[in-house]
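Okay, here's the structure, questions in a sec.
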Amino acid sequence: MKLRFVLPLVAFFALVGLLWVGLSLDPRALPSPLIGREAPQFDLPELRDPETRFSSEQMLGTPALLNVWASWCVTCRQEHPMLAELRRAGVPVYGLNYKDTRSDALRFLTQFGDPYDAIGFDESGLVGIDWGVYATPETFLMDRNGMIRFKHIGMITPDVIQNEILPLYRKLEAES
């Protein structure tokens, strides 16, 4: 008789416990299996000049940032000034234009500015899949050897720049 009342009560508290833990997790803190590994290689047409190629090898030799973005991404518009700030701070900023049209992406750059050293045009999104991209924007920081050291999902904020990206970039720069 008591078991009849105790089991649902135990199940209820177990469910509440699981929900409590699940709701307290930060969805932006998804661990990336690519952290500490070599960045996936790619060779894509450059967004601004389809006759030119942009490959992952071009990001080697110095720490670099790769920002995955699209013109249809509202958050990318909000994030864009942060990329310009990183560029002004001396961080090489590369782009991966993800599942976009060339004309829309170029219009975006004309409207909001162009902080990128080079931009790969990943129209199909296949390179983004190799990089484990869930959605835009996502940003990766790589060391001079092309090892991914940091990944940020969502908009880069001034806090992320000051407390995460720039300190790690300066550390990687000093190791170079």
Side-chain angles (χ1 to χ4, degrees), residues 28-50 52-73 75-100 102 104-106 108-109 112-158 160-173 175-176:
R28 294 177 191 264
L30 289 174
S32 173
L34 296 177
I35 303 283
R37 292 189 171 181
E38 186 176 331
Q41 295 185 356
F42 63 84
D43 183 19
L44 291 169
E46 221 285 340
L47 175 70
R48 296 167 287 208
D49 180 7
T52 304
R53 305 294 294 182
F54 171 54
S55 72
S56 52
E57 291 181 7
Q58 291 173 253
M59 297 186 289
L60 298 177
T62 183
L65 203 73
L66 180 71
N67 175 252
V68 183
W69 66 281
S71 65
W72 43 263
C73 165
T75 306
C76 296
R77 292 175 186 214
Q78 297 168 332
E79 177 188 62
H80 209 68
M82 300 301 118
L83 298 172
E85 182 178 327
L86 283 166
R87 178 86 183 259
R88 282 191 297 273
V91 177
V93 179
Y94 296 93
L96 181 66
N97 181 246
Y98 181 72
K99 292 186 175 181
D100 209 344
R102 187 178 300 277
D104 288 347
L106 291 173
F108 179 96
L109 294 175
F112 297 104
D114 186 354
Y116 300 104
D117 292 290
I119 305 169
F121 182 51
D122 185 22
E123 185 174 22
S124 66
L126 292 176
V127 171
I129 290 172
D130 290 344
W131 282 72
V133 172
Y134 295 98
T136 55
E138 289 190 19
T139 304
F140 300 86
L141 181 61
M142 293 154 294
D143 65 20
R144 66 185 169 113
N145 298 315
M147 302 289 280
I148 296 177
R149 299 299 205 85
F150 174 79
K151 177 181 180 181
H152 181 77
I153 298 172
M155 186 173 111
I156 296 173
T157 63
V160 171
I161 289 174
Q162 293 305 318
N163 296 318
E164 296 185 63
I165 294 176
L166 279 180
L168 181 55
Y169 176 79
R170 299 292 181 226
K171 179 182 170 199
L172 295 173
E173 190 177 40
E175 293 173 1
S176 295

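Since the model is a prediction, treat every value here as computed from it, not as a measurement.
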Derivation and outcome, side chain to side chain contact (heavy atoms under 4.5 Å, CB included), residues Ile148 and Arg37: CA-CA 6 Å; Ile148 296 177; Arg37 292 189 171 181; over 6 Å; no
Arg149 side chain to Asp143 backbone, donor-acceptor under 3.5 Å: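 Answer holds: no.
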Check: Val127 and Val133 side chains under 4.5 Å, non-hydrogen atoms: no
Heavy-atom side-chain proximity of Leu96 to Leu44 below 4.5 angstrom: yes
Close aromatic pair by centroid cut-off 6.0 Å: Trp131 and Tyr98: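 No - the distance between ring centres of Trp131 and Tyr98 does not fall below the 6.0 Å cut-off.
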Any side-chain heavy-atom pair of Phe140 and Val68 under 4.5 Å: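 Phe140 vs Val68: side chains touch.
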Within-4.5 Å side-chain heavy-atom neighbours: Leu172 and Thr62: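 SC-SC contact between Leu172 and Thr62 ruled out.
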Electrostatic pair Glu173-Arg170, nearest N-O below 4.0 angstrom: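 Yes.
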Worked verdict on Asp117 versus Arg87 for side chain to side chain contact (heavy atoms under 4.5 Å, CB included): CA-CA 9 Å; Asp117 292 290; Arg87 178 86 183 259; 3.3 Å; yes
cation_pi(Arg102, Phe121) dist<6.0 Å, angle<=45: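 Yes - Arg102 lies over the ring of Phe121, closer than 6.0 Å to its centre and within 45° of its axis.
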Backbone N/O of Phe42 and side chain of Ser56: donor-acceptor pair under 3.5 Å: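 The answer is yes, because a donor-acceptor pair under 3.5 Å joins these two groups.
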Trp69 and Thr75: CA distance, side-chain angles, deciding distance, side chain to side chain contact (heavy atoms under 4.5 Å, CB included) verdict: CA-CA 9 Å; Trp69 66 281; Thr75 306; over 6 Å; no
Backbone of Ile119 reached by a side-chain donor or acceptor of Glu46 within 3.5 Å: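 Indeed, once roles are kept as given, a pair shorter than 3.5 Å links the two residues.
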Aromatic plane relationship, Phe108 with Phe112 - under 30° parallel, 30 to 60° tilted, over 60° perpendicular: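 Tilted, since the angle between the ring planes falls between 30° and 60°.
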Glu79 and Asn67 side chains, donor-acceptor separation under 3.5 Å: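 Yes - a donor-acceptor pair under 3.5 Å links their side chains.
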Validation row: Pro115, His80 side chains within 4.5 angstrom (heavy atoms): yes
Side chain to side chain contact (heavy atoms under 4.5 Å, CB included) between Asp130 and Leu126, intermediate numbers included: CA-CA 7 Å; Asp130 290 344; Leu126 292 176; 5.8 Å; no
Heavy-atom side-chain proximity of Leu83 to Tyr116 below 4.5 angstrom: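 The answer is yes, as the side chains (C-beta and beyond) meet within the 4.5 Å cut-off.
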Residue pair Leu141 / Tyr169, side-chain heavy-atom distance below 4.5 Å: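 Yes. Closest side-chain heavy atoms under 4.5 Å.
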Contact check, side chains of Lys151 and Leu34, non-hydrogen atoms, under 4.5 Å: no
